[in-house]
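Naming: A, B, ... by sequence-line order, numbering from 1 per chain.
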Amino acid sequence: MTAPNVTVGGGGPASVRVRFAPSPTGYLHVGGARTALFNWLFARRHVGTMILRIEDTDLERSTEASTRTILEGLEWLGITWDEGPFFQSREVAAHRALALRFLEAGMAYHCFCAADELDRKRREAEAGGAAWKYDRTCLRLAPDEVRRRLAAGQPSVLRFRVGEGPVVWDDAVHGTTSFDASVLEDIILLRSNGSPTYNLSCVSDDIAMRVTHVIRGDDHLSNTPKQILIYRAAGAAVPIFAHLPLILGADKKRLSKRHGAVSVTEYRDRGYLPEALFNFLALLGWSPGGGREKLSREEMVGAFDLEAINRKGAVFDEQKLEWINSQYINDLPAARIAAMIGPDLAREGLWASDLAEGGARRAWFLAVCEALKARSKRIPDFRRDLRPFLSDRFEYQPEAVAKHLSAGAKGGDPAMIAARMGRLRDALGRTEPFTEAKAEETLRALAEADGEAAALYIHPLRLALLGTAVSPGVFVVLVLIGRERALARIDRLIAFLQSGQTP
RNA sequence: GUCCCCAUCGUCUAGCCUGGCCCAGGACACCGCCCUUUCAAGGCGGGAACACGGGUUCAAAUCCCGUUGGGGACGCCA
């Protein structure tokens, strides 16, 4: 059967075809996500085709739930695919057919050595400090003997016979890379239960899917010579390989669970934006040059080049991710923030229907989100800061009280502060119109008349309004809270000051 | 241990292929200043790196060799 002369994506016969091939044995790891992302960038850059293939041949560990999380993670990141998802387990017949072809051609042979026996030999050799590779015991078996054992039902694996000499390829990231075949042991193609192994399945599928570029992690570097041998034996064109450097933890070791969050969904749940994670991951091991760091997907696609990928592993620095995230939050429309924070607010009982689109307080709500943007690094920061805007039930933060209301504070004793707040309350009650500028004018005029620093009014006012020592500009907050509620909150503070509860 | 890969500020990186423009540029983080009612944001400034040793060359971060260090792979997992 020859491939019909059709192309998907209109790129012509030589069109780029890449694939992301995760095994569904867990969540979508940020390393995997970056591999997918680079494949996607490369496919888009060359108007090629991105294939998604789920390598679910390990029936023991593969789960549907895992497949779902992976798809969900890719979708959330905006990494789309043109073909698939294909499931590798459905192609088992094709994988075996290829292995059998090798057997018939004398390029593969049955091996009856028991797994535990080989394990023992390996351990012994390694204990003696020597490298171990399969000793080809079964390659020396006479054909009659092989037939006899097969007929007797003795279990066997099918091994690919590795030849001699160097296996060299021009890696798109690393340049010329080579392994000598003498370090490779004869590759197991089919397990004793007849199921195909990774190297066989992977190559078989990549040939069938006409994959032109294999872009994957550095951890596959040592599989590459084995796979090249299989491509050659199959008489298929060897694709171009591009091995990406690994993502490392702070200790420079391969990023794993013990370093903290590693799954894409975890980052999503912690309030990172998909575009921010995407941008951050793209910059791990790749740079468009020119000092550009915050790039849109389109800009990345336009600048992407495999040759520009670094050869060195890159440490995942969450602080930088947080910074990029804050940059993206800064130019996020308030409506999107509202959409993301809505469910969180509902969970805390802070949501009301008039905050939703079309609701009476919608515009006000968006204005509050807008005011909070500049000091938010992650989405949950909004939930924290939004509370006193949405509810009158908030506590005075102890640090804020200690700093601005205590007897030792700059403002003097609580009675003096209360007196000041009383005057401020009255003045604000008369301020017309109740705008940011006018309110500021009122407060400053009052401070001047009292011969005091404006700060002595401002800090307690912020505390009265939000319970905090930190917030957006206090006059913005004042207007956002509204006169009526603001005056009530000042009264509440005065009562608190007079209650003797201040430190 | 064997094989392979890698090596520029603490971290991400530009520069390396095509040696001189680099006593090395940007970003995060850190520190300081400005702005300012606070915290941020923003602006300005600061400290901070070519792993080491040889070689080639008039000239090396850049090319070559070695050393050291780090990582990955060594499964009838993928």
Side-chain angles (χ1 to χ4, degrees), chain A residues 21-25 55-58 60-62 88 111 113-115 118-119 122 125-133 155-159 171 173-175 177-180 182-185 188-195 197-199 201-202 217-225 243 245-246 248 250 252-254 280 283-294 307 310-324 326-327 330 372-377 381 400 403-404 440 443-444 447 453-459 461-463 468-475:
Chain A
S23 60
T25 52
E55 308 220 321
D56 59 343
T57 51
D58 184 344
E60 303 276 294
R61 296 192 301 153
S62 298
Q88 189 163 57
C111 169
C113 298
L118 294 176
D119 269 358
R122 183 176 292 113
E126 278 169 3
W132 157 263
K133 76 178 198 193
S156 68
V157 299
L158 196 69
R159 280 189 191 267
D171 196 281
V173 172
H174 292 280
T177 308
S178 87
F179 281 75
D180 196 275
S182 64
V183 304
L184 269 27
E185 72 174 13
I188 294 179
L189 300 174
L190 297 180
R191 302 186 181 91
S192 50
N193 66 7
S195 65
T197 57
Y198 167 70
N199 285 122
S201 304
C202 179
D218 256 353
D219 48 340
H220 282 290
L221 222 34
S222 54
N223 280 321
T224 306
H243 288 96
L246 264 16
L248 279 20
K252 303 267 191 185
K253 294 216 193 333
R254 190 181 173 160
F280 174 73
L283 258 28
L284 232 41
W286 175 68
S287 162
R292 289 184 293 165
E293 299 221 292
K294 184 163 175 281
E307 316 256 319
N310 259 286
R311 289 181 287 272
K312 191 180 56 161
V315 174
F316 189 101
D317 178 8
E318 193 169 343
Q319 278 191 318
K320 185 137 187 182
L321 204 211
E322 206 169 57
W323 172 75
I324 292 190
S326 71
Q327 296 292 306
N330 262 318
L372 294 174
K373 251 163 60 166
R375 73 216 70 230
S376 302
K377 290 183 187 305
D381 292 350
K403 191 169 177 192
H404 299 297
E440 177 161 8
L443 182 145
R444 289 189 189 283
L456 295 186
Y457 295 79
I458 286 171
H459 295 302
L461 174 60
R462 169 179 292 110
L463 193 35
T468 62
V470 166
S471 82
V474 78
F475 302 108

task = Considering just the side-chain nitrogens and oxygens of A:R254, establish if one lies under 4.0 Å of OP1 or OP2 belonging to B:G71.
result = no
inquiry  = When you measure from the side-chain N and O atoms of A:Q327 to the phosphate of B:G42, is any distance below 4.0 Å, counting only OP1 and OP2?
reply    = yes
request  = Identify whether any heavy atom of A:A454 sits under 4.0 Å from a base atom; if not, whether one sits that close to sugar-phosphate; answer base, sugar-phosphate or nothing.
outcome  = nothing
request  = Please work out if A:P22 contacts a base, only the sugar-phosphate, or nothing of the nucleic acid, heavy-atom cut-off 4.0 Å.
outcome  = nothing
ask   = Out of curiosity, A:K312 NZ to A:K252 NZ, how far, rounded to the nearest 0.5 Å?
value = 6.0 Å
ask   = Parallel, tilted or perpendicular for A:H174 and A:H243, by the 30°/60° rule?
value = tilted
Side-chain N,O (A:K253) to OP1/OP2 (B:G71) below 4.0 Å = yes
query = Between B:G69 and B:G75, how far is it from one P atom to the other, in whole Å?
reply = 26 Å
task = Indicate, with a heavy-atom threshold strictly under 4.0 Å, whether A:L461 touches base, sugar-phosphate, or nothing.
result = nothing
message = At 4.0 Å (heavy atoms only), tell me whether A:S201 reaches a base, stays on the sugar-phosphate, or touches nothing.
response = nothing
Any protein N or O atoms within reach of nucleotides 63-68 of chain B? Criterion: under 3.5 Å, listing atom names and distances.
none

ask   = Given that both distances must come in under 3.5 Å, which nucleotide forms a Watson-Crick or G-U wobble pair with B:G53?
value = B:C65
remark   = Out of B:G71, B:A14, B:C12, minimum distance to the side chain of A:S287 belongs to B:A14
query = Considering all heavy atoms of both residues, which atom of A:G313 and which atom of A:L248 are nearest to each other, and what is their separation?
reply = C-CD2, 3.6 Å
inquiry  = Within the 4.0 Å heavy-atom criterion, would you say A:V474 contacts the bases, only the backbone, or no part of the nucleic acid?
reply    = base
Please write out each protein N/O paired with an N/O of nucleotides 6-9 of chain B under 3.5 Å, distance rounded to 0.1 Å.
| unit_1 | atom_1 | unit_2 | atom_2 | d |
| --- | --- | --- | --- | --- |
| B:C6 | OP1 | A:H174 | ND1 | 3.3 |
| B:U8 | OP2 | A:K312 | NZ | 2.5 |

key: Nearest-0.5 Å distance, CZ of residue A:F475 to CG of residue A:L461   = 7.0 Å
inquiry  = Base of B:A29, side chain of A:D317 - is there a donor-acceptor contact under 3.5 Å?
reply    = no
query = If the C1' atom of B:G20 is compared with that of B:C4, how far apart are they to the nearest Å?
reply = 35 Å
ask   = Is there a donor N/O on one and an acceptor N/O on the other, under 3.5 Å, for the side chain of A:S192 and the base of B:C76?
value = yes
note = Winner on side-chain proximity to A:Q88, out of B:U11, B:U38, B:A78, is B:A78
key: Between B:C6 and B:U13 - P atom distance, rounded Å   = 15 Å
message = Checking the side chain of A:N199 only, and the main-chain atoms of A:L189 only, is there a donor and an acceptor separated by less than 3.5 Å?
response = no
query = Would you say B:A78 has OP1 or OP2 under 4.0 Å from some side-chain N or O of A:T57?
reply = yes
remark   = Which of B:C76, B:A73, B:C39 is nearest the side chain of A:S222? It is B:A73
request  = Using the P atom as the reference point in each nucleotide, state the distance between B:C22 and B:C33 in Å, no decimals.
outcome  = 32 Å
ask   = Distance between the C1' atoms of B:A49 and B:C28, in whole angstroms?
value = 15 Å
message = In whole Å, measure the gap between the C1' atoms of B:C74 and B:A27 for me.
response = 38 Å
note = Which of B:G70, B:A41, B:C4 is nearest the side chain of A:L221? It is B:C4
ask   = So what does A:V315 hit on the nucleic acid, given a heavy-atom distance under 4.0 Å: a base, only sugar-phosphate, or nothing?
value = sugar-phosphate
query = What does B:C35 pair with, Watson-Crick or G-U, if both distances are under 3.5 Å?
reply = none
task = Could you tell me which non-hydrogen atom of A:L184 sits nearest to which non-hydrogen atom of A:P225, and how far apart they are?
result = CD2-CB, 4.0 Å
note = Taking a pair to mean Watson-Crick or G-U wobble geometry with both distances below 3.5 Å, B:A27 pairs with B:U11
task = Would you mind classifying the nucleic acid contact of A:G285 as base, sugar-phosphate or nothing, using non-hydrogen atoms under 4.0 angstrom?
result = sugar-phosphate
ask   = Under 4.0 angstrom, heavy atoms only, what part of the nucleic acid is A:H404 near: base, sugar-phosphate, or nothing?
value = nothing
query = Between B:G71, B:A73, B:U38, which one does the side chain of A:D219 approach most closely?
reply = B:A73
message = Measuring only the C1' atom in each nucleotide, how far is B:C3 from B:G55? A whole number of Å is fine.
response = 28 Å
inquiry  = Students often get this wrong, so: under 4.0 angstrom with heavy atoms, is A:R122 touching a base, only sugar-phosphate, or nothing?
reply    = sugar-phosphate
Distance, nearest 0.5 Å, that separates OG of A:S326 from CG of A:D381 = 10.0 Å
Complementary nucleotide for B:A60 - Watson-Crick or wobble, under 3.5 Å = none
remark   = Of B:C3, B:C12, B:A78, the nucleotide closest to the side chain of A:L284 is B:C12
Assigned partner base of B:A41, Watson-Crick or wobble definition, under 3.5 Å = none
task = Say whether, by atom type as modelled, one donor and one acceptor occur between the side chain of A:N193 and the main chain of A:S195 under 3.5 angstrom.
result = yes
Under 3.5 Å, N/O pairs linking protein and nucleotides 17-27 of chain B:
| unit_1 | atom_1 | unit_2 | atom_2 | d |
| --- | --- | --- | --- | --- |
| B:A27 | O4' | A:E293 | OE1 | 3.4 |
| B:A27 | O2' | A:E293 | OE1 | 2.3 |
| B:A27 | O2' | A:K320 | NZ | 3.3 |
| B:A27 | N3 | A:K320 | NZ | 3.2 |

inquiry  = On RNA chain B, compare the nucleotides closest to A:C111 and A:P472; which residue's is nearer the 5' end?
reply    = A:P472
request  = Check for a donor-acceptor pair, side chain of A:T177 on one end and backbone N or O of A:G175 on the other, with a separation under 3.5 Å.
outcome  = yes
inquiry  = Once you apply a heavy-atom cut-off of 4.0 Å, does A:S326 come out as touching a base, just sugar-phosphate, or nothing?
reply    = nothing
message = Using only atom types and a distance under 3.5 Å, with no angle test, would you say the side chain of A:S192 pairs donor to acceptor with the backbone of A:P155?
response = no
request  = Could you check A:W132 against A:D180 and say which one's nearest nucleotide on RNA chain B is further toward the 5' end?
outcome  = A:D180
message = Looking at A:K373 and A:N330, would you say the former's side chain and the latter's main chain have a donor-acceptor pair under 3.5 Å?
response = yes
inquiry  = The side chain of A:D218 is closest to which nucleotide in this list: B:U37, B:A40, B:C5?
reply    = B:C5
query = Base, sugar-phosphate, or nothing: which does A:E318 touch, judged by heavy atoms less than 4.0 Å apart?
reply = nothing
ask   = Can you tell me how far CZ of A:R122 sits from CD of A:E185, rounded to the nearest 0.5 angstrom?
value = 6.0 Å
request  = Starting from the C-alpha separation in whole Å, work towards a yes-or-no answer on side chain to side chain donor-acceptor pair (under 3.5 Å) for A:S182 and A:D180.
outcome  = CA-CA 5 Å; A:S182 64; A:D180 196 275; 2.8 Å; yes
request  = Report the nucleotide, chosen from B:U38, B:A40, B:C28, that has the shortest atom-to-atom distance to any side-chain atom of A:Q319.
outcome  = B:C28
query = Do the side chain of A:S23 and the main chain of A:T25 share a donor and acceptor less than 3.5 angstrom apart?
reply = no
inquiry  = I need the A:Q88 CD to A:S62 OG distance, nearest 0.5 Å.
reply    = 9.5 Å
ask   = With rounding to whole Å, what would you report as the distance between B:G71 and B:C17 at their P atoms?
value = 29 Å
